[in-house]
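In what follows, a single structure is set out as structure tokens and then discussed.
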Amino acid sequence: VVPGGWSISVEMCFYMIAPALVFFCRTRRGLIVVSILTALFSVSFWYFGACDGGPACRVVNNDFFYFWPPTQLPCFIVGFWTWHLAKDYLTGDRVLPLRACRWLVPGGLIMVAALFLAGTGRGMAHGVAPTFAALATAALMLLLTRISSRTLQAPALVILGRNPLLAYGAILQ
């Protein structure tokens with residue numbers, strides 16, 4: 001269970017800087033600059049925060065350093081890149097080519113494996129686990145654009161879409 005307090009603090013920090021991010025990320029050049037600055041920001045805050053200036057550190061799940069913005073901000077940048085590069089596919093204006101799926105499936109699976117090794121399974125580097133989760137989610141989102149609207153309108157899927165607790169309950173059983 002995710003503690004409720006983390007979401008509010010991280011989201012409020014994000015919403016404070018979101019207008020500037022949206023402004024600067026309108027172009028590819030701006031997105032590259034923001035990505036580099038985010039990487040530098042995150043690494044430096046990890047080094048001087050979570051690592052306390054030492055050569056090694058370990059960001060633990062459900063710890064302050066897991067929830068703080070330098071760990072979570074790269075996830076938002078992944079979202080900006082996904083929108084920038086795949087807007088036409090996400091909005092349904094274009095159909096994702098099968099050759100792209102041939103890269104997204106293994107790429108997404110690699111990110112899921114990295115997520116398992118980094119955080120959820122081995123618990124070695126929870127600091128990068130959210131970024132791996134964001135990359136895996138971006139791949140899954142793009143792959144799901146290949147599903148026809150007719151399939152998505154199947155009664156069982158519509159019911160699950162309206163009541164996600166049914167899907168969660170089915171998973172638990």
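Owing to the predicted nature of the structure, the values given are computational and were not obtained by experimental measurement.
Applying the salt bridge (Lys or Arg N to Asp or Glu O under 4.0 Å) definition to pairs two or more places apart or across chains, none involves residues 22-38. Sorted by first then second residue, the side-chain hydrogen bond (donor to acceptor under 3.5 Å, both in side chains) pairs that include residues 98-110, not counting sequence neighbours, number zero.
Separation of atoms CZ (Phe132) and SG (Cys75) is listed at 11.0 Å; rounding is to 0.5 Å. The distance from atom CG of Leu135 to atom OG1 of Thr82, rounded to the nearest 0.5 Å, is 7.5 Å. In this structure, the separation between CG on Leu109 and CG on Leu115 is 12.0 Å, given to the nearest 0.5 Å. Once rounded to the nearest 0.5 Å, the distance linking CZ of Phe24 with CD1 of Ile17 reads 11.5 Å. In this structure, CG on Leu85 lies 7.5 Å from CG on Leu31, to the nearest 0.5 angstrom.
Under the 4.5 Å side-chain criterion, counting only non-hydrogen atoms from C-beta, Leu104 is in contact with Leu96. Between Tyr89 and Pro97, some side-chain heavy-atom pair lies under the 4.5 Å cut-off.
Formation of a donor-acceptor pair under 3.5 Å by the Thr145 side chain with backbone atoms of Leu142 is found in this model.
With hydrophobic clusters built from ILVMFWY side chains whose heavy atoms lie under 4.5 angstrom apart, Ile110 shares a cluster with Val128. Residues Val105 and Ile147 fall into different hydrophobic clusters, defined by Ile, Leu, Val, Met, Phe, Trp and Tyr side chains chained together at heavy-atom separations under 4.5 Å. Hydrophobic clustering of Ile, Leu, Val, Met, Phe, Trp and Tyr side chains at less than 4.5 Å, counting indirect connections, keeps Met16 apart from Leu37. Connection of Val33 to Leu40 is not established within any shared hydrophobic cluster, with ILVMFWY side chains joined at heavy-atom distances below 4.5 Å, either directly or through further cluster members.
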Evaluate the criterion side-chain contact (heavy atoms from CB on, under 4.5 Å) for residue pair Leu21 and Leu73; output intermediate values, then yes/no.
-> CA-CA 11 Å; Leu21 284 175; Leu73 186 59; 4.2 Å; yes
Residues Val22, Phe80; criterion side-chain contact (heavy atoms from CB on, under 4.5 Å); working and verdict = CA-CA 8 Å; Val22 170; Phe80 279 110; 4.0 Å; yes
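Under the salt bridge (charged side-chain N to carboxylate O under 4.0 Å, His left out) criterion, Arg146 pairs with no residue, sequence neighbours left out. Partners of Ser149 by side chain to side chain donor-acceptor pair (under 3.5 Å), not counting sequence neighbours: none found. Under the side-chain contact (heavy atoms from CB on, under 4.5 Å) criterion, Trp83 pairs with Lys87, Leu90, Thr91, sequence neighbours left out. By the side chain to side chain donor-acceptor pair (under 3.5 Å) test, Ser44 pairs with no residue at all, sequence neighbours left out.
The minimum heavy-atom distance between Ala139 and Gly108, with the atom names listed, is CB-CA, 3.8 Å. In this structure, Pro106 and Cys101 approach most closely via the heavy-atom pair CD-O, 4.2 Å.
Taking the six-membered ring for Trp, Phe41 and Phe45 have ring centres closer than 6.0 Å.
Classification of the Trp81-His84 ring pair by plane angle, with boundaries at 30° and 60°, yields perpendicular.
No side-chain donor from either of Ser35 and Thr38 sits under 3.5 Å from a side-chain acceptor of the other.
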